[in-house]
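Reviewing the structure listed below.
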Amino acid sequence: MASALGLRLRRLREAKKLTLQQVADAVGCTKAYIWELEMKEGQRPSAERVHALAKVLGVTMEDVMGDTLDKVPQASPEDVQFFREYAGMADEEKQRYRQALDLMFGSRKDEAGKA
């Protein structure tokens, strides 16, 4: 039976459309080890391994271990990945994204003023 860590790890891996072998190669371990992390109870990867997994999956170590996703259960792996990419953008690029969203969906400020 998979642990909470294993279930999260598998969801994050599948959200990135990565195979067990691709993750194993990127992290520097065996495919069997990644499978064990995902499928077996009681797995305790080292901090270095969790860091490598987080980097490959495009999330934080907290996301892999469960802190962030547990605190915000409505955040899907895709939501987390999008936010991480957004957070890494230059301010000008973030502004263009916000403007595009305002054009498509309207401004939240406008909605707040109508209430």
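For the numbers below, each heavy atom of this structure counts, side chains included, while hydrogens, waters and symmetry mates do not.
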Self-check item: Any side-chain heavy-atom pair of S3 and L37 under 4.5 Å
Solution: no
Quiz item: Is a side-chain N or O of Q22 found less than 3.5 angstrom from the main chain of T19, in a donor-acceptor match?
Solution: yes
Self-check item: Distance, nearest 0.5 Å, that separates CG of L7 from CE of M39
Solution: 8.5 Å
Quiz prompt | same_hphob_cluster(Y86, L101) at 4.5 Å side-chain heavy-atom cutoff | solution = no
Exercise. Of all the heavy-atom pairs spanning V50 and P45, show the shortest one and how long it is.
Key: CG2-CG, 3.7 Å
Quiz item: Under 3.5 Å, is there a donor-acceptor pair between the side chain of R13 and the main chain of L18?
Solution: yes
Exercise. Answer with yes or no whether the side chains of Q95 and R98 bring together a donor and an acceptor at under 3.5 Å.
Key: yes
Exercise. Locate the shortest heavy-atom distance separating L5 from M65; write the atom from each residue and the value.
Key: CD1-SD, 4.2 Å
Quiz prompt | Euclidean distance, K55 NZ relative to M61 CE, rounded to 0.5 Å | solution = 12.5 Å
Exercise. State whether the number of non-hydrogen atoms from other residues, nucleotides or ligands found under 6.0 Å of K94 atom NZ is greater than 12.
Key: yes
Quiz item: Between R8 and V64, is there a donor-acceptor pair closer than 3.5 Å when you use the side chain of the first and the backbone of the second?
Solution: yes
Quiz prompt | Check: D63 side chain, T60 main-chain N or O, donor-acceptor pair, under 3.5 Å | solution = yes
Self-check item: Euclidean distance, Q99 CD relative to M104 CE, rounded to 0.5 Å
Solution: 12.0 Å
Self-check item: Beyond-backbone contact of L12 with L53, side-chain heavy atoms, under 4.5 angstrom
Solution: no
Quiz prompt | Gap between atom NZ of K31 and atom CH2 of W35 - 0.5 Å precision | solution = 11.5 Å
Practice problem: Establish, yes or no, whether the cationic atom of R49 lies under 6.0 Å from the six-membered ring centre of Y33 and within 45° of the ring axis. | Solution: yes
